[in-house]
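Computed from a prediction, not measured in an experiment: that's the story for all the values here. Both counts, for ligands and for their atoms, begin at 1 and track the order of listing.
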Amino acid sequence: MNIHKKDIIIIGCGCIGLSAGVILLKTGDYNVKIWAKDLPPNTTSNKAAALWYPFLSEPLDKVGRWSQETMDYFKKEIIPLGVEKTGTLTKKVYELYRTPRAQLPEWSPFVPSFRRMKKEEMLDGYIDGFTVEDGFVMDTDQYMDWLVESFKALGGSIDQREVVDIREPFIYADIVINCSGLGARELIGDRLVYPSRGQIIVVDNTRDISLMDEEDEYQLGYVIPRVHNSVLGGTNQQHNYNLEPSKKDTEEILDRVAKISPQFERKNLKILGEKVGLRPSRYSIRLENEFMQDGRKLLVHNYGHGGSGFTVSWGCALDTLKLVRKGADKLKTSNKSDVPWYSLLNKRRSSSSCSFVND
Ligand SMILES: Cc1cc2nc3c(=O)[nH]c(=O)nc-3n(C[C@H](O)[C@H](O)[C@H](O)COP(=O)(O)OP(=O)(O)OC[C@H]3O[C@@H](n4cnc5c(N)ncnc54)[C@H](O)[C@@H]3O)c2cc1C
Ligand SMILES: O=C(O)C(=O)CO
């Protein structure tokens, strides 16, 4: 531990916490430790498909910028390392509709390669759609393992431990990053974050294009080709905490993807497994500073990424660094005569009493 660097504790070892940790460590200004209840492969992040595509997350203008910054980071820092290392493959993506879409997605102005699909690209049964030429997909287990390796190679350390009281990590660090995903509901009492249950099916063959039928944002049909297999999805069941795969959902997903193209009819597929994850949904991704303990401690919130955690991860990590820098400058130095931290423990706090500082 280098005493000239500021100590930071990140709560959470999903794609959000790990990306933030890598960006902070790359500056050379911080000692970074992750505390997390669950480690890969037992995080929501490991249950994701995953492809780069803004989905089920707000606010769409910021999601647009964060998505483009993430795409730029992948192109510069990750894809050149090769698929064997990172499990990341570039794959064009088609978003398909059976009804006309007058409006372009609000995030699209931020993504130069975004365009409406041409007639000749359309699949049977669809009349409208969008495409991003330089999209990419991650085999999430392989990608998460690479993220952990990268974080540790930069000097980061990971403790598997649950944080029951948000004030605990502040005993050891003046700056804490809250990347707890759905856990923020309990950790800081944010009842605005809730689960959107997603079930996926892993099948044996890979394909050349990611195909997403989001005609109905709850009855999803998508095929996401990955390195060694493809992922079929999916479901979007809000406030559903069931982590067990459901036979009914599997059957309905297979019916929906068969409608995308006859090549995905179940007779042509070999099911390798099913996964369920609870997307950390929130009306808006929370990425902001909160000053604690009379301004002597800084809590940076980075959670609530819904269906786009991977898609915005590096953009949000870069903004986390900006927030840390801005917040650290404003921290009051703790002097010894201050009230000791444990005397605050009997003052229960609800999130509504937090003083949010939007930087
Ligand atoms: C089926 C499915 C498909 C998806 N597909 C895509 C996709 O194609 N593209 C995309 O961009 N996104 C996709 N997503 C969304 C993406 O998975 C999430 O947005 C992302 O995983 C959120 O990352 P996270 O790090 O915030 O959360 P998580 O991965 O849940 O990590 C949270 C971490 O915080 C820890 N934690 C929580 N509370 C505490 C506590 N009190 N003490 C200590 N540690 C704590 C947890 O243990 C964990 O380590 C998909 C999601 C699902 C379910
Ligand atoms: O199911 C999801 O959350 C997606 O982002 C599509 O892969």
Side-chain angles (χ1 to χ4, degrees), residues 9-21 34-57 63 66-67 70 93 95 135-138 140 143-144 147-148 158-166 168-169 176-188 190 193 195-202 210-214 217-218 220-224 226 231-237 240 243 245 249 253 274-282 285-287 301-317:
I9 290 176
I10 295 175
I11 302 172
C13 199
C15 68
I16 297 298
L18 285 163
S19 307
I34 286 180
W35 288 6
K37 186 172 47 171
D38 304 313
L39 306 183
N42 303 315
T43 67
T44 305
S45 297
N46 286 86
K47 308 293 182 294
L51 88 165
W52 178 97
Y53 208 82
F55 179 65
L56 296 182
S57 58
V63 164
W66 289 326
S67 301
T70 300
V93 46
E95 190 174 25
F136 48 87
V137 298
M138 289 96 24
T140 35
Y143 178 70
M144 290 297 289
L147 267 183
V148 169
I158 299 175
D159 285 359
Q160 183 158 17
R161 60 192 283 178
E162 180 173 9
V163 177
V164 178
D165 186 316
I166 189 62
E168 186 192 347
V176 172
I177 323 282
N178 172 19
C179 300
S180 57
L182 185 58
R185 205 177 153 76
E186 297 311 319
L187 178 63
I188 57 164
D190 181 353
V193 64
S196 293
R197 180 179 177 277
Q199 178 167 321
I200 55 173
I201 307 168
V202 183
S210 297
L211 299 164
M212 301 173 76
D213 174 341
E214 283 174 29
E217 71 165 327
Y218 296 101
L220 306 168
Y222 54 72
V223 179
I224 297 175
R226 304 192 315 183
V231 161
L232 310 180
T235 65
N236 172 23
Q237 296 153 340
N240 182 329
L243 277 169
D249 286 338
I253 291 168
E274 295 149 319
K275 286 190 177 184
V276 174
L278 305 180
R279 299 180 192 86
S281 292
R282 192 172 187 273
I285 292 171
R286 189 173 178 204
L287 185 46
H301 295 289
N302 182 6
Y303 67 89
H305 301 82
S308 298
F310 289 88
T311 304
V312 298
S313 52
W314 294 102
C316 288

Pairs of nitrogen or oxygen atoms closer than 3.5 Å, one from [X] and one from ligand 1: do any exist?
| X | answer |
| --- | --- |
| Ala48 | no |
| Glu162 | no |
| Tyr222 | no |
| Ile11 | no |
| Gly198 | no |
| Lys37 | yes |
| Thr44 | yes |

Between Ser210 and Tyr53, is the side chain to side chain contact (heavy atoms under 4.5 Å, CB included) condition met? List the steps.
CA-CA 10 Å; Ser210 297; Tyr53 208 82; over 6 Å; no
For [atom], what is the nearest protein heavy atom, given as residue, atom name and distance?
| atom | result |
| --- | --- |
| atom 5 (O) of ligand 2 | Gly307 O, 3.0 Å |
| atom 34 (O) of ligand 1 | Gly12 CA, 3.2 Å |
| atom 4 (C) of ligand 2 | Phe55 CD2, 3.4 Å |
| atom 49 (O) of ligand 1 | Asp38 O, 2.7 Å |
| atom 41 (N) of ligand 1 | Val163 O, 3.0 Å |
| atom 26 (O) of ligand 1 | Ile16 CG1, 3.4 Å |
| atom 9 (N) of ligand 1 | Leu51 O, 2.8 Å |
| atom 3 (O) of ligand 2 | Arg279 NE, 2.7 Å |
| atom 52 (C) of ligand 1 | Arg279 CG, 3.9 Å |
| atom 1 (O) of ligand 2 | Tyr222 OH, 2.7 Å |

Would you say that [X] contacts [Y] through its side chain, given a criterion of any heavy-atom pair below 4.5 Å between the two side chains?
| X | Y | answer |
| --- | --- | --- |
| Leu220 | Met212 | no |
| Ile34 | Asp159 | no |
| Ile253 | Thr235 | yes |

Report, in ascending order of atom number, the atoms of ligand 1 lying under 4.0 Å from any heavy atom of [X].
| X | result |
| --- | --- |
| Gly277 | 53 (C) |
| Ala36 | 43 (C), 44 (N), 49 (O) |
| Ala50 | 7 (C), 8 (O), 9 (N) |
| Thr311 | 9 (N), 10 (C), 11 (O) |
| Phe310 | 10 (C), 11 (O), 12 (N), 17 (O) |
| Gly183 | 37 (C), 38 (N) |

Proximity flag [X] to ligand 1, non-hydrogen atoms under 4.0 Å:
| X | answer |
| --- | --- |
| Arg161 | yes |
| Ser308 | yes |
| Leu182 | no |

Are Tyr303 and His305 an aromatic pair, judged by ring center distance below 6.0 Å?
no
Would you mind finding which of [options] brings a heavy atom closest to [atom]?
| atom | options | result |
| --- | --- | --- |
| atom 28 (P) of ligand 1 | Cys15, Cys13, Ser45, Gly307 | Ser45 |
| atom 32 (C) of ligand 1 | Ser313, Ser67, Cys179 | Cys179 |
| atom 36 (N) of ligand 1 | Gly17, Ala49, Pro40, Ser180 | Ser180 |
| atom 22 (C) of ligand 1 | Pro280, Gly181, Pro169, Gly306 | Pro280 |

Output, in order, the C-alpha distance, side-chain angles, deciding distance and verdict of side chain to side chain contact (heavy atoms under 4.5 Å, CB included) for Ile188 and Asn178.
CA-CA 9 Å; Ile188 57 164; Asn178 172 19; 3.8 Å; yes
Between Arg161 and Glu168, does any NZ, NE, NH1 or NH2 come within less than 4.0 Å of an OD or OE carboxylate oxygen?
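Looking at Arg161 together with Glu168, the answer is yes, because their closest N to O distance falls below 4.0 Å.
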Assess whether side chain to side chain contact (heavy atoms under 4.5 Å, CB included) is satisfied between Arg282 and Asp190, documenting all intermediate values.
CA-CA 10 Å; Arg282 192 172 187 273; Asp190 181 353; 2.8 Å; yes
I need the [X] [atom1] to [Y] [atom2] distance, nearest 0.5 Å.
| X | Y | atom1 | atom2 | answer |
| --- | --- | --- | --- | --- |
| Thr44 | Ile16 | OG1 | CD1 | 11.0 Å |
| Asn302 | Ile177 | CG | CD1 | 8.0 Å |
| Glu274 | Asp249 | CD | CG | 9.5 Å |
| Cys316 | Trp66 | SG | CH2 | 4.5 Å |

Proximity of Ile200 to ligand 1 by residue part, where a heavy atom lies under 4.0 Å:
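The answer is the side chain of Ile200.
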Please classify the Ser57 to ligand 1 contact at 4.0 Å (heavy-atom distances, strictly less than): side chain, backbone, both or neither.
neither
Is the closest side-chain donor-acceptor distance between Gln160 and Asp38 under 3.5 Å?
no
For [X], take its heavy atoms, then give the atoms of ligand 2 lying under 4.0 Å from any of them.
| X | result |
| --- | --- |
| Ile224 | 7 (O) |
| Leu51 | 7 (O) |
| Ala49 | 7 (O) |

Hey, is [X] touching ligand 2 through its side chain, its backbone, both or neither, going by heavy atoms under 4.0 Å?
| X | value |
| --- | --- |
| Ile200 | neither |
| Tyr53 | neither |
| Val231 | neither |

Using the rule given for side chain to side chain contact (heavy atoms under 4.5 Å, CB included), can you reason through Leu232 versus Ile200, listing the C-alpha separation, both sets of side-chain angles and the distance that settles it, and then say yes or no?
CA-CA 6 Å; Leu232 310 180; Ile200 55 173; over 6 Å; no
Heavy atoms only: give me the nearest Val193-Arg185 pair and the separation to one decimal.
O-NH1, 2.9 Å
Grab the two heavy atoms, one from Cys13 and one from Thr43, that are nearest each other, plus how far apart they are.
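Nearest heavy atoms, Cys13 then Thr43: O-CG2, 3.8 Å.
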Among Lys47, Arg197, Gln237, which one satisfies side chain to side chain contact (heavy atoms under 4.5 Å, CB included) with Val276?
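Of all the options given, the one that passes is Arg197.
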